[in-house]
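Below you'll find the structure, written out as structure tokens, and then a few comments.
Positions are given from 1, in the same order as the sequence printed here. All of these numbers come straight from a predicted model, not from anything done at the bench.
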Amino acid sequence: MSEPNGNGTEVKAEDENEVLEKGRYLKKYFPIRRGVLKRTVGYVKAVDGISFDVYKGETLGLVGESGCGKSTAGRTILQLYEPTEGEVYLDGESLTDLRKSELRRTRRRMQMIFQDPYASLNPRMTVGNIISEPLAIQGIGNSASRKERVGELLDVVGLNRYFVNRYPHEFSGGQRQRIGVARALSTNPSIIFSDEPKSALDVSIQAQFVKMLDDLNAELGLTYLFIAHDLSMVQYISDRVAVMYLGRIVEMGERDEVYDQPLHPYTQALLSAIPVADPDSESARNRIILEGDVPSPANPPSGCHFHPRCGYATDICKQDDPQPRNLGSERRIHLVACHHADQFV
């Protein structure tokens, strides 16, 4: 595998995997405008220079607190938001350099499962039209083949083919989200962005939904970027994990390494908050309680963005921005952006 480090070079493993999508120093700033003339007085730094690789056939989990920039990162990677700076590549092709017509054709290879199954489906369209719309936009097949494809997709996501003429309001939240999955699969995409797809679902069906995604991954060989704040669910479905804080990726590595030996204080705090079913284990473990609130992305702290809430912060943390470095092995890369991460190895 290979991963970008802080100085722009690549950290490579001996068993190089095929990179499907990658981003380099990706930024997305939203202007803050005030006054009658709406002058720009600052920027919300939602995504602040992230770099990543997504390998074919894997699930990369992107986790962090609400407001850390996860969803904005996903939409920027997908080019639903135009990046402020940086590059995104799909199979070596720069998406940020494509014209709108070229990007539209490329989008058949990148699809998204949205967070809200109620707002992401057009209430005036039938299920059949919702699922077949991407095929029509991309000019794939004719009316008969699209109809057959819709039926196949309903089978894949566990819905009855006879639902094809029903409207979204006739379905439960879990069924609507399955319709969203069918729509995302319609164009046979190379990568699927899943933006907290279970957060609006009842707890009783969340596990069923994530199990379905996992089964589809095994059956169809899909590649996922799974965005979530539920760390236990990310542990179940992901091959690798990237942890975001205030617009930056602070730790990234293989799932088991990140969960078994977190090297960034923020990751340690997140993992300590996962509930444990055993009361004895729960009472014995060390909970890490972060002080204060997440700083505003419009005015992030200097140096390491996490230093105001970190119990290990020193003067260097307040002054110098830590660059990601590999504290794993050549074969199992474990990147962490922390000046004091060596003490946790």
Side-chain angles (χ1 to χ4, degrees), residues 3-11 23-29 42-52 61-70 72-73 85-86 229 231 234 240-274 284-330 332-345:
E3 291 288 356
N5 68 10
N7 58 21
T9 59
E10 302 288 332
V11 180
R24 293 296 180 264
Y25 311 112
L26 193 64
K27 296 182 179 181
K28 179 58 184 177
Y29 294 173
Y43 292 91
V44 175
K45 299 178 180 181
V47 180
D48 195 16
I50 65 172
S51 296
F52 62 89
L62 186 60
V63 301
E65 294 173 283
S66 297
C68 72
K70 305 184 302 294
T72 302
E85 290 183 22
H229 62 263
L231 292 169
V234 169
R240 289 188 305 127
V241 177
V243 182
M244 280 193 75
Y245 182 78
L246 211 62
R248 296 178 176 178
I249 293 178
V250 297
E251 186 166 2
M252 180 161 51
E254 305 247 349
R255 174 196 59 200
D256 293 340
E257 289 207 358
V258 172
Y259 277 77
D260 294 342
Q261 190 179 26
L263 300 181
H264 196 284
Y266 177 62
T267 309
Q268 295 170 3
L270 288 180
L271 294 179
S272 77
I274 299 178
R285 69 183 183 138
N286 181 30
R287 282 291 310 275
I288 301 174
I289 307 298
L290 297 178
E291 298 182 359
D293 298 322
V294 179
S296 170
N299 186 28
S302 60
C304 175
H305 286 356
F306 186 62
H307 84 257
R309 307 176 72 194
C310 180
Y312 302 95
T314 59
D315 288 341
I316 191 175
C317 304
K318 302 175 184 178
Q319 299 167 4
D320 296 338
D321 178 19
Q323 298 302 310
R325 52 198 175 108
N326 180 28
L327 294 182
S329 64
E330 291 184 358
R332 296 176 67 87
I333 297 166
H334 192 161
L335 297 177
V336 59
C338 175
H339 292 297
H340 304 298
D342 301 85
Q343 64 182 294
F344 306 120
V345 176

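Looking at every heavy atom in both residues, Y245 comes nearest to V250 through CB-CG1, 4.0 Å. Between E65 and L270 the shortest heavy-atom distance is CG-CD2, 4.2 Å. Residues Y259 and L231 come closest through the heavy atom pair OH-O, 2.6 Å. When all heavy atoms of V63 and K70 are compared, the pair lying nearest together is C-CD, 3.5 Å. Here the closest heavy-atom approach between residue E254 and residue R240 is recorded as CA-CG, 4.0 Å. Closest approach of G292 to R309, counting heavy atoms only: O-NH2, 3.4 Å.
Here the side chains of F344 and Q268 are in contact, with some heavy-atom distance below 4.5 Å. Put simply, the side chain of I50 does not reach to within 4.5 Å of the side chain of Y25, judged on heavy atoms. Considering only heavy atoms from C-beta on, P322 comes within 4.5 Å of C304 through its side chain. You'll find the side chain of H340 stays beyond 4.5 Å of the side chain of P265, heavy atoms only. Looking at heavy atoms from C-beta onward, D48 lies in side-chain contact with H305 at the 4.5 angstrom threshold. Counting heavy atoms from C-beta outward, M252 and P324 have side chains that stay 4.5 Å or more apart.
Distance NZ/K27 to OG1/T72: 15.5 Å, rounded to 0.5 Å. A distance of 10.5 Å separates OG in S296 from NZ in K45, rounded to the nearest 0.5 Å. Going from atom OG of S51 over to atom CZ of R24 covers 5.5 Å, rounded to the nearest 0.5 Å.
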**Prompt:** Where do V234 and V241 land on the side-chain contact (heavy atoms from CB on, under 4.5 Å) test, with the steps shown first?
**Reply:** CA-CA 8 Å; V234 169; V241 177; 4.0 Å; yes
**Prompt:** Which is it for H339 and T314 under the side-chain hydrogen bond (donor to acceptor under 3.5 Å, both in side chains) test, yes or no, and what are the steps along the way?
**Reply:** CA-CA 9 Å; H339 292 297; T314 59; over 6 Å; no
**Message:** Set out, in order, the CA-CA distance, both residues' side-chain angles and the distance that settles side-chain contact (heavy atoms from CB on, under 4.5 Å) for R248 and L246, then state yes or no.
**Reply:** CA-CA 6 Å; R248 296 178 176 178; L246 211 62; over 6 Å; no
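In this structure, the side chain of E251 does not engage the main chain of M244 through any donor-acceptor pair within 3.5 Å. Of the possible donor and acceptor atoms, one in the side chain of S302 sits under 3.5 Å from a partner among the backbone N and O of K318. In this structure a side-chain-to-backbone donor-acceptor pair under 3.5 Å is missing from R325 to H334. In terms of modelled atom types and a separation under 3.5 Å, the side chain of T267 and the main chain of P262 share no donor-acceptor contact.
Only one option out of D342, I333, L335 pairs with L327 in a side-chain contact (heavy atoms from CB on, under 4.5 Å); it is D342.
The number of heavy-atom neighbours closer than 6.0 Å to CG of D260, taken from other residues, nucleotides and ligands shown, is above 12. Within 6.0 Å of CD in E291 there are 12 or fewer heavy atoms belonging to other residues, nucleotides or ligands.
Aromatic ring centroids of Y312 and F306 lie 6.0 Å or more apart.
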